[in-house]
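For clarity, every value in this text was computed on a predicted model and none was experimentally measured.
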Amino acid sequence: MSSARRKEMDRQFQVALRRSHDRILSNANHRYPTTIEEVMANNPSLSREKAEHVRDLNVRMNESNERIEDLIMRIDPRWQD
């Protein structure tokens, strides 16, 4: 493999990596409702017990999304000072 081909493949990989990071950040930026009232407003057919379960799940999902954002921000050079 020639040097020029390796450089082209590296450029293609970098573009794919940036796009992947952008998609992950886009998905991780979404936050779910964390109060019973917000959950029930979004899903009026839920019982209070189910709404509490959804709220607990939303809290865990939001925490996971924050960890994912932090990880991408640490490893993606575009976000470095």
Side-chain angles (χ1 to χ4, degrees):
M1 182 180 305
S2 70
S3 174
R5 179 68 182 133
R6 281 194 306 274
K7 288 179 183 178
E8 177 61 26
M9 287 177 69
D10 183 57
R11 279 191 293 276
Q12 290 171 349
F13 174 77
Q14 293 302 321
V15 168
L17 184 62
R18 280 192 304 274
R19 286 182 182 157
S20 176
H21 286 175
D22 291 344
R23 280 191 302 271
I24 291 169
L25 278 174
S26 175
N27 290 334
N29 278 327
H30 184 75
R31 295 296 183 266
Y32 299 94
T34 58
T35 66
I36 298 289
E37 294 76 21
E38 291 172 328
V39 170
M40 292 185 83
N42 288 341
N43 304 293
S45 63
L46 291 179
S47 67
R48 183 154 184 92
E49 182 180 302
K50 296 264 188 204
E52 288 172 357
H53 178 73
V54 170
R55 182 214 43 213
D56 294 342
L57 177 63
N58 287 351
V59 167
R60 289 192 305 271
M61 296 271 295
N62 288 343
E63 290 170 354
S64 176
N65 284 346
E66 287 176 19
R67 286 191 304 271
I68 290 168
E69 281 181 335
D70 291 344
L71 175 64
I72 294 295
M73 302 284 270
R74 283 195 313 263
I75 64 174
D76 192 323
R78 292 176 295 171
W79 302 103
Q80 306 302 314
D81 290 338

Passing option when Ile72 is tested against Arg67, Arg78, His21 for side chain to side chain contact (heavy atoms under 4.5 Å, CB included): His21
Around Arg19, counting heavy atoms of other residues, nucleotides and ligands shown, do more than 12 lie under 6.0 Å from its CZ? no
Val59 with Val39, same ILVMFWY side-chain cluster at under 4.5 Å: no
Side-chain donor or acceptor of Asp10 paired with backbone N/O of Arg6 under 3.5 Å: no
Pair Arg5 + Glu8: basic N to acidic O under 4.0 Å: no
Is there a donor-acceptor pair closer than 3.5 Å between any side-chain N or O of Asn62 and the backbone N or O of Tyr32? yes
Would you give the length of the straight line joining atom CG of Asn27 to atom CD of Glu69, rounded to the nearest 0.5 angstrom? 10.5 Å
Residues Ala51 and Met40: closest non-hydrogen pair is CB-CG, 3.5 Å
Contact check, side chains of Ser26 and Asp22, non-hydrogen atoms, under 4.5 Å: no
From CA spacing to verdict: side chain to side chain contact (heavy atoms under 4.5 Å, CB included), Arg55, Thr35: CA-CA 6 Å; Arg55 182 214 43 213; Thr35 66; 5.7 Å; no
Is the CD atom of Gln12 crowded by more than 12 outside heavy atoms at less than 6.0 Å? yes
Non-hydrogen atoms of Arg31 and Asn65 that approach each other most closely: NH1-CB, 3.4 Å
Assess whether side chain to side chain contact (heavy atoms under 4.5 Å, CB included) is satisfied between Arg11 and Val15, documenting all intermediate values. CA-CA 6 Å; Arg11 279 191 293 276; Val15 168; 5.7 Å; no
Which distance, rounded to the nearest 0.5 Å, do you find between the CD1 of Ile24 and the CG of Leu71? 8.5 Å
Can you name the nearest heavy-atom pair linking Ala28 to Ile68, along with the distance? CB-CG2, 3.9 Å
Using side chain to side chain contact (heavy atoms under 4.5 Å, CB included), reason through Arg60 and Leu57 one step at a time and then give a plain yes or no. CA-CA 5 Å; Arg60 289 192 305 271; Leu57 177 63; 3.7 Å; yes
